[in-house]
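Keep in mind that the numbers below use all heavy atoms, side chains included, and drop hydrogens, waters and symmetry copies. By convention in this document, chain letters (A, B, ...) are assigned in the order of the sequence lines, proteins followed by strands, and residues within each chain are numbered from 1.
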2 protein chains.
Amino acid sequence: MKVKEVSQLTGVSVRTLHHYDDIGLLTPDCTTEAGYRLYSDDNLATLQQILFFRELGFSLKKIGELLTSPAFSRQEAFEMQRNMLLEKRKQLDSMINTIEKTIQHGKGELVMTNEEKFKGFDFGENPYEQEARERWGDKAVDESNKKAAQFGPDLEKEMNRIYFNLASLRHLSPNSDEAQVAIGQWFEFLNKMGNYSLEAFRGLGEMYVADERFTKNIDKFGEGLAVFMRDAMAVYVE
Amino acid sequence: MKVKEVSQLTGVSVRTLHHYDDIGLLTPDCTTEAGYRLYSDDNLATLQQILFFRELGFSLKKIGELLTSPAFSRQEAFEMQRNMLLEKRKQLDSMINTIEKTIQHGKGELVMTNEEKFKGFDFGENPYEQEARERWGDKAVDESNKKAAQFGPDLEKEMNRIYFNLASLRHLSPNSDEAQVAIGQWFEFLNKMGNYSLEAFRGLGEMYVADERFTKNIDKFGEGLAVFMRDAMAVYVE
DNA sequence: GTTGACTCTCACGTTACGTCATACTTTATA
DNA sequence: TATAAAGTATGACGTAACGTGAGAGTCAAC
């Protein structure tokens with residue numbers, strides 16, 4: 001789909017699409033050789049996400065952070081957004097209530113304090129952001145780091161813990177959330193003592209299967225773990 | 001009340017109060033000789049109005065125009081705002097509905113078209129503004145005055161005929177065929193001497209009931225004709 | 001009488017686009 | 001098939017509604 005079609009479908013302006021592309025929030029999957037932006041269905045789904053978050057008052061910057069967070073899951077996000085929308089409706093109800101009272105107040109049928117007159121406006125500290133940050137924000141990553149670090153200077157123990165954890169998940173899909181979180185921990189762990197690029201990380205996964213010495217050592221934690229890890233690592237890199 | 005108190009009470013920042021003062025949207029009734037802003041209860045009521053309109057997506061400029069309009073009435077505004085808030089809640093419900101469908105869609109339990117995925121987002125042409133402009137915009141009063149003045153004797157006759165005809169139908173449903181034909185004639189008639197958009201036409205109907213001067217003149221042809229016409233006009237627009 | 005919370009007025013920064021201007025590409029029409 | 005019309009791209013500047021200090025005056029309290 002070209003910009004105008006997307007614009008008409010979603011109600012956002014073409015300029016907005018350009019803008020989102022400029023700031024890297026929504027880069028179309030494809031372009032014609034003339035430079036025309038072409039949006040895929042997946043791009044549309046992302047745009048929908050963006051609009052939901054925007055409606056809930058998130059800044060574009062924060063939306064970008066959320067969308068690119070490794071812990072981000074679309075389904076999870078949708079369910080959360082639903083809750084947020086319900087919250088917002090409650091707020092709206094509160095405002096409606098306030099205004100109805102105000103109308104009566106104007107007719108002299110009711111007395112109102114100043115505070116009551118502004119009930120429902122307290123937009124100030126919305127709990128939405130908080131929840132989102134906890135779920136997908138930097139804090140989540142930091143916390144897990146902290147926990148991992150608490151295992152002490154004994155790196156081998158920590159390593160084993162991660163392997164163990166992964167082994168317990170190896171019957172799941174390599175791209176399941178749990179698997180990806182676990183493999184993320186593995187990636188962080190490796191980066192504590194060296195600098196693994198994502199590409200190197202993927203290569204490592206390949207080696208787990210290709211090299212028998214690795215395979216055997218890894219599969220000690222559970223049959224098929226090496227293969228599982230390779231797949232999960234490949235997914236993680238993406 | 002000084003700025004901080006107002007800020008805490010209402011949830012808006014001190015800077016915002018300064019800003020509203022700067023642009024003349026909300027100038028405190030009083031200041032100390034040191035230049036401190038002092039807000040009266042009336043100022044607070046105005047601020048409440050501002051916040052309601054703001055929540056409904058009006059620009060500060062437009063809010064200022066509304067508030068200073070001679071036709072502006074606080075009570076009327078409140079009632080209108082309540083309707084707008086109810087409208088907005090409907091929109092929210094639509095979004096919630098969309099998101100619930102989307103969740104099912106994600107689980108593969110449902111098929112959705114791209115259009116369905118963006119239902120409820122269509123912020124584009126909000127009817128709120130339109131209504132407000134018609135009610136309090138200077139334009140509404142001027143235009144109808146001008147046109148009324150231009151009436152020649154021929155036109156007046158035709159107009160009366162249409163009114164008469166409508167009055168004879170006012171016991172029917174506003175969306176009956178007869179009523180719609182008659183109101184269609186009225187629309188054509190108006191368009192002979194000016195350009196009435198459908199939206200303006202609907203607004204005119206609203207004014208028939210809202211503005212006593214109209215109501216009285218119209219009801220001369222039959223009790224309740226103004227209300228009947230407003231309803232028929234609303235139906236006609238759709 | 002001085003500390004700390006509160007206030008003032010500039011004035012520049014920021015976010016999320018809007019609005020041209022200018023130029024190229026694609027589609028429709030004659 | 002040429003040519004107009006509609007769509008798109010990239011700057012680049014504009015705007016709305018504040019945020020964020022800086023620097024200075026004011027006020028209540030200990």
Inset, instruction - Find the distance L25(A):CG to dC17(C):C1' and express it as a whole number of Å. - result: 13 Å
Inset, instruction - Examine dC18(D): is either OP1 or OP2 under 4.0 Å from a nitrogen or oxygen in the side chain of H18(B)? Give yes or no. - result: no
Legend entry - Nucleic acid footprint by protein, nucleotides 19-30 of chain D - heavy-atom cut-off 4.0 Å, B for base, S for sugar-phosphate alone: BB----BBS---
Legend entry - Whole-Å gap separating P (dT10(D)) and CG (D21(A)): 7 Å
Legend entry - Nearest-Å distance for atom pair CD1/C1', residues I23(A) and dT14(C): 13 Å
Legend entry - Flag side-chain contact, heavy atom, 4.5 Å: L47(B) against T10(B): yes
Inset, instruction - Starting from P on dT15(D), measure out to NE2 on H19(B) and report it in whole angstrom. - result: 14 Å
Legend entry - Length of the line joining Q8(B):CD and dC6(C):C1', which is rounded to integer Å: 11 Å
Legend entry - Between CD1 on residue I99(A) and CE on residue M84(B), distance to nearest 0.5 Å: 9.5 Å
Legend entry - M1(A) to E5(A) - nearest heavy-atom pair and separation: CE-CB, 3.6 Å
Legend entry - Proximity to the side chain of S59(B) - top-ranked nucleotide from dA17(D), dC17(C), dA16(C): dA17(D)
Legend entry - Main-chain N/O of D42(A) paired with T46(A) side-chain donor or acceptor, under 3.5 Å: yes
Legend entry - Short side-chain N/O contact to dA17(D) OP1/OP2 from Y20(B), under 4.0 Å: no
Legend entry - Whole-Å distance separating the CG atom of D22(A) from the P atom of dG18(C): 13 Å
Inset, instruction - Measure from the side-chain heavy atoms of K4(A) and tell me the nearest of dC17(C), dT8(D), dA17(D). - result: dT8(D)
Inset, instruction - Give the angle between the helix axes at the two ends of the helix from dG1(C)-dC30(D) to dT14(C)-dA17(D), taking five base pairs at each end and rounding to 10°. - result: 20°
Legend entry - Straight-line distance of N97(B) CG to T102(B) OG1, nearest 0.5 Å: 9.0 Å
Legend entry - Backbone of S94(B) reached by a side-chain donor or acceptor of T98(B) within 3.5 Å: yes
Legend entry - Separation of dC8(C) P from L17(B) CG (nearest whole Å): 9 Å
Inset, instruction - Indicate whether any N or O donor in one side chain lies under 3.5 Å from an N or O acceptor in the other, for Q81(A) and Q49(A). - result: yes
Inset, instruction - Rounded to the nearest angstrom, tell me the gap between atom NZ in K61(A) and atom P in dA16(C). - result: 10 Å
Inset, instruction - Answer yes or no: is there a donor N or O on one side and an acceptor on the other, between the side chain of N43(A) and the main chain of D29(A), under 3.5 Å? - result: yes
Legend entry - Rounded distance (nearest 0.5 Å) linking atom OH of Y36(B) with atom OG1 of T31(B): 12.5 Å
Legend entry - Candidates dC17(C), dT10(D), dC8(C) - which lies nearest the side chain of R37(A): dT10(D)
